[in-house]
Trainee: 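Mind looking over this structure? Questions follow.
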Amino acid sequence: MKLKLIEKREEAKGTKSFFWEPEKPVNYLAGQYFYFTLPLLKYSDPRGATRHFTLSSSPTEGNILRLTTRIREQSGFKKTLDELEIGALIEGEGPNGEFILDENEKGPHVFLAGVIGITPFRSMVKYAADKNLDIQIHLIYSNSIPEEIAFRAEFEALAKSWPNLKLDMTVTKPEETKEPWNGLTGRIDENLIQKLVPDINNNIFWVCGPPAMVEAMELTLGKLNISSGKVRSEKFTGY
């Protein structure tokens with residue numbers, strides 16, 4: 001189907017959202033992804049003109065689809081996407097994917113997010129908060145520096161207004177930040193999880209981020225004796 005670009009928004013350093021109006025309503029679940037095909041690549045890209053991205057929008061936000069991604073100079077696709085004019089038309093296909101939150105699974109749920117792996121969790125958290133679901137969510141979000149934390153203000157506001165959300169953010173390179181940071185530092189690891197998550201075996205863990213981060217989290221959760229049935233993961237390759 002045709003998707004029309006209606007807005008671009010900078011979410012954090014190096015991260016942008018693109019808002020699309022589909023030619024017909026799209027029914028999707030929080031956490032699902034969509035295929036996006038650009039009509040013409042301005043810059044060469046060996047992976048071609050099609051990518052799939054998890055929708056960072058929530059089904060509760062109307063008919064507009066939101067694609068949020070890190071803009072990388074190495075990606076001809078991303079550079080072309082970033083230079084699209086408002087009103088540009090591209091092709092979209094979907095939704096797809098099973099990394100979705102079951103409203104009947106009360107949890108508690110722990111979301112472990114690395115950098116742009118936050119996108120499905122933004123969709124899920126927004127959906128659960130808008131519907132005021134009886135679901136406990138603890139979001140633990142890691143970035144290199146505070147300037148790269150996508151949706152930071154929104155998550156902080158939701159954590160204050162919706163009692164079912166607990167938020168912890170950590171940065172791995174605090175020495176490189178240009179703004180004060182008094183929060184957690186270091187990667188999400190065994191010690192941090194044990195520190196932040198009480199009654200650890202009673203939780204369902206969700207992991208999303210770059211492949212290396214996801215693989216490390218799966219190993220860490222295994223060491224913590226979390227059964228595989230309580231771990232859901234999705235790797236963002238080539239983001």
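On a predicted model such as this, the values are computed, not experimentally measured, just so you know.
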Trainee: Is it true that atom CG of Asn27 has more than 12 heavy atoms of other residues, nucleotides or ligands lying nearer than 6.0 Å?
Mentor: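 No.
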
Trainee: For Gly76 versus Leu41, what's the shortest heavy-atom pair and its separation?
Mentor: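 That closest heavy-atom pairing would be O-CD2, 4.2 Å.
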
Trainee: Work out which heavy atom in Met169 is nearest to a heavy atom in Trp181; give both atom names and the distance.
Mentor: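 Scanning both residues, the minimum pair turns out to be O-CZ2, 3.5 Å.
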
Trainee: What pair of heavy atoms forms the shortest contact from Ser75 to Asp45, and how long is it?
Mentor: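 Closest approach of Ser75 to Asp45, heavy atoms only: OG-OD2, 3.5 Å.
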
Trainee: Grouping I, L, V, M, F, W and Y whenever their side-chain heavy atoms are under 4.5 Å apart, do Ile135 and Phe155 come out in a common cluster?
Mentor: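 Yes, Ile135 and Phe155 fall within the same hydrophobic cluster.
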
Trainee: When rounded to the nearest 0.5 angstrom, what distance separates CG in Leu3 from CD in Glu21?
Mentor: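 It comes to 10.0 Å.
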
Trainee: Test side-chain contact (heavy atoms from CB on, under 4.5 Å) on Thr15 and Thr69; report intermediate values, then the result.
Mentor: CA-CA 6 Å; Thr15 299; Thr69 188; over 6 Å; no

Trainee: Establish whether Leu55 and Ile71 are linked, either directly or via other cluster members, by ILVMFWY side-chain heavy-atom contacts under 4.5 Å.
Mentor: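 Leu55 and Ile71: one cluster.
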
Trainee: For residues Leu65 and Leu81: do they belong to one hydrophobic cluster (side chain heavy atoms under 4.5 Å, members Ile, Leu, Val, Met, Phe, Trp, Tyr)?
Mentor: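 Same cluster.
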
Trainee: Any sub-3.5 Å donor-acceptor pair from Glu61's side-chain atoms to Ser58's backbone N or O?
Mentor: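 Such a contact is found between Glu61 side chain and Ser58 backbone.
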
Trainee: Just jot down the salt bridge (Lys or Arg N to Asp or Glu O under 4.0 Å) partners of Glu148, sequence neighbours excluded, or say none.
Mentor: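 Testing Glu148 for salt bridge (Lys or Arg N to Asp or Glu O under 4.0 Å), a comparison that skips the adjacent residues, returns Arg70.
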
Trainee: Measuring from Ile140:CD1 to Leu184:CG, what's the distance to the nearest 0.5 Å?
Mentor: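 Answer rounded to 0.5 Å: 9.0 Å.
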
Trainee: Closest approach of Val115 and Asn143, non-hydrogen atoms and distance?
Mentor: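 Nearest pair, atom of Val115 first, then Asn143: CA-OD1, 3.6 Å.
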
Trainee: To the closest 0.5 Å, what do you measure between CZ (Arg122) and OG1 (Thr119)?
Mentor: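 If I round to the nearest 0.5 Å, the distance is 10.5 Å.
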
Trainee: To the nearest 0.5 angstrom, please state how far the OG atom of Ser228 sits from the CD1 atom of Ile226.
Mentor: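 Between atom OG of Ser228 and atom CD1 of Ile226 there are 11.0 Å.
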
Trainee: Dump the intermediate steps for side-chain contact (heavy atoms from CB on, under 4.5 Å) on Phe77 and Arg51, then the final yes or no.
Mentor: CA-CA 8 Å; Phe77 181 98; Arg51 294 286 191 284; 3.5 Å; yes

Trainee: Which pairs, with at least one residue in residues 164-179 and sequence neighbours excluded, count as a salt bridge (charged side-chain N to carboxylate O under 4.0 Å, His left out)?
Mentor: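 Those involving residues 164-179 are Arg152-Glu179.
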
Trainee: Using a 4.5 Å cut-off between side-chain heavy atoms of Ile, Leu, Val, Met, Phe, Trp and Tyr, which other residues end up in the same hydrophobic cluster as Tyr35?
Mentor: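 Same cluster as Tyr35: Tyr33.
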
Trainee: List the atom pairs, with distances to 0.1 Å, where a side-chain N or O of residues 187-194 and a protein N or O form a donor-acceptor pair under 3.5 Å, not counting sequence neighbours.
Mentor:
unit_1: Asp189; atom_1: OD1; unit_2: Asn191; atom_2: N; d: 3.3
unit_1: Asp189; atom_1: OD1; unit_2: Leu192; atom_2: N; d: 2.9

Trainee: Mind checking side chain to side chain donor-acceptor pair (under 3.5 Å) for Gln32 and listing every partner two or more places apart, or none if nothing turns up?
Mentor: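 Once residues adjacent in sequence are excluded, Gln32 has no partner under the side chain to side chain donor-acceptor pair (under 3.5 Å) criterion.
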
Trainee: Dump the intermediate steps for side-chain contact (heavy atoms from CB on, under 4.5 Å) on Leu67 and Thr54, then the final yes or no.
Mentor: CA-CA 7 Å; Leu67 179 172; Thr54 298; over 6 Å; no

Trainee: Could you grab the distance from atom CG of Leu139 to atom NE2 of His109, nearest 0.5 Å is fine?
Mentor: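 Result: 13.5 Å between the selected atoms.
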
Trainee: Going by the side chain to side chain donor-acceptor pair (under 3.5 Å) test, name the single residue among Lys8, Glu10, Glu11, Arg9 that passes it with Ser17.
Mentor: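 Output: one option passes, namely Glu11.
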
Trainee: With the 4.5 Å side-chain cut-off for hydrophobic clustering, are Met1 and Ile64 part of the same group?
Mentor: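 No, no single cluster joins them.
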
Trainee: Taking all non-hydrogen atoms of both residues, which atom of Val171 and which atom of Ile149 are closest, and how far apart?
Mentor: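 So the two residues come closest at CG1-CD1, 4.5 Å.
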
Trainee: What side-chain donor-acceptor pairs closer than 3.5 Å can you find for residues 90-97, not counting sequence neighbours?
Mentor:
unit_1: Glu91; atom_1: OE2; unit_2: Lys2; atom_2: NZ; d: 2.7

Trainee: Check for me, please, whether Leu158 and Ile137 land in the same ILVMFWY cluster - side-chain distances under 4.5 Å, paths through other members count.
Mentor: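 The answer is yes; both residues are in one hydrophobic cluster.
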
Trainee: Pairs of donor and acceptor atoms involving the side chains of residues 210-219, under 3.5 Å and at least two apart or interchain, shall be tabulated with distances.
Mentor:
unit_1: Glu215; atom_1: OE2; unit_2: Lys235; atom_2: NZ; d: 3.3
unit_1: Glu218; atom_1: OE2; unit_2: Ser233; atom_2: OG; d: 2.6

Trainee: Of all residues at least two apart in sequence or in a different chain, which pass the side chain to side chain donor-acceptor pair (under 3.5 Å) check with Ser56?
Mentor: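 By the side chain to side chain donor-acceptor pair (under 3.5 Å) rule, Ser56 matches Thr68.
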
Trainee: Carefully, step by step, assess Phe36 and Trp20 under the rule side-chain contact (heavy atoms from CB on, under 4.5 Å).
Mentor: CA-CA 10 Å; Phe36 297 85; Trp20 308 91; 3.9 Å; yes

Trainee: Ile100: which other cluster members, linking ILVMFWY side chains closer than 4.5 Å, directly or transitively?
Mentor: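 Under the 4.5 Å side-chain rule, Ile100 groups with Leu29.
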
Trainee: List the atom pairs, donor and acceptor, that lie under 3.5 Å between side-chain atoms in residues 124-133 and the rest of the protein, sequence neighbours left out.
Mentor:
unit_1: Lys126; atom_1: NZ; unit_2: Asp130; atom_2: OD1; d: 3.3
unit_1: Tyr127; atom_1: OH; unit_2: Glu103; atom_2: OE2; d: 2.4
unit_1: Asp130; atom_1: OD2; unit_2: Thr60; atom_2: OG1; d: 2.6
unit_1: Asn132; atom_1: OD1; unit_2: Trp162; atom_2: NE1; d: 3.1

Trainee: If you define the side chain from C-beta out and look only at heavy atoms, does anything of Phe205 sit under 4.5 Å from Ile200?
Mentor: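 Phe205 reaches Ile200 side chain to side chain.
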
Trainee: Considering only NZ, NE, NH1 and NH2 on the basic side and carboxylate oxygens on the acidic side, decide whether Lys16 and Glu83 come within less than 4.0 Å.
Mentor: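 Judged by the 4.0 Å cut-off on N to carboxylate O distance, Lys16 and Glu83 do not form a salt bridge.
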
Trainee: Kindly write out the residues that satisfy salt bridge (Lys or Arg N to Asp or Glu O under 4.0 Å) with Glu85, not counting sequence neighbours, or none if the list is empty.
Mentor: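 Salt bridge (Lys or Arg N to Asp or Glu O under 4.0 Å) check on Glu85 returns nothing, list empty.
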
Trainee: Within the supplied structure, the quantity of interest is the number of heavy atoms (other residues, nucleotides, ligands) at a distance under 6.0 Å from Lys13 NZ; does it exceed 12?
Mentor: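 Not buried by this count: 12 neighbours or fewer within 6.0 Å.
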
Trainee: Search all heavy atoms of Tyr28 against all heavy atoms of Ser57 and return the closest pair with its distance.
Mentor: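 Taking Tyr28 first and Ser57 second, the nearest heavy atoms are OH-OG, 2.9 Å.
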
Trainee: Just jot down the ring pair (Phe, Tyr, Trp, His ring centres under 6.0 Å) partners of Phe111, sequence neighbours excluded, or say none.
Mentor: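 So Phe111 forms a ring pair (Phe, Tyr, Trp, His ring centres under 6.0 Å) with Phe121, Trp206.
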
Trainee: Less than 4.0 angstrom from a charged side-chain N to a carboxylate O is my criterion; do Lys4 and Glu23 meet it?
Mentor: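 No salt bridge links Lys4 with Glu23.
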
Trainee: Is Val207 close to Arg232 at the side-chain level, that is, under 4.5 Å between some pair of heavy atoms?
Mentor: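 A side-chain contact is absent here, since even the closest heavy-atom pair is not under 4.5 Å.
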
Trainee: Roughly how far, to the nearest 0.5 Å, is the CD1 atom of Ile204 from the NE2 atom of His138?
Mentor: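 That separation rounds to 15.0 Å.
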
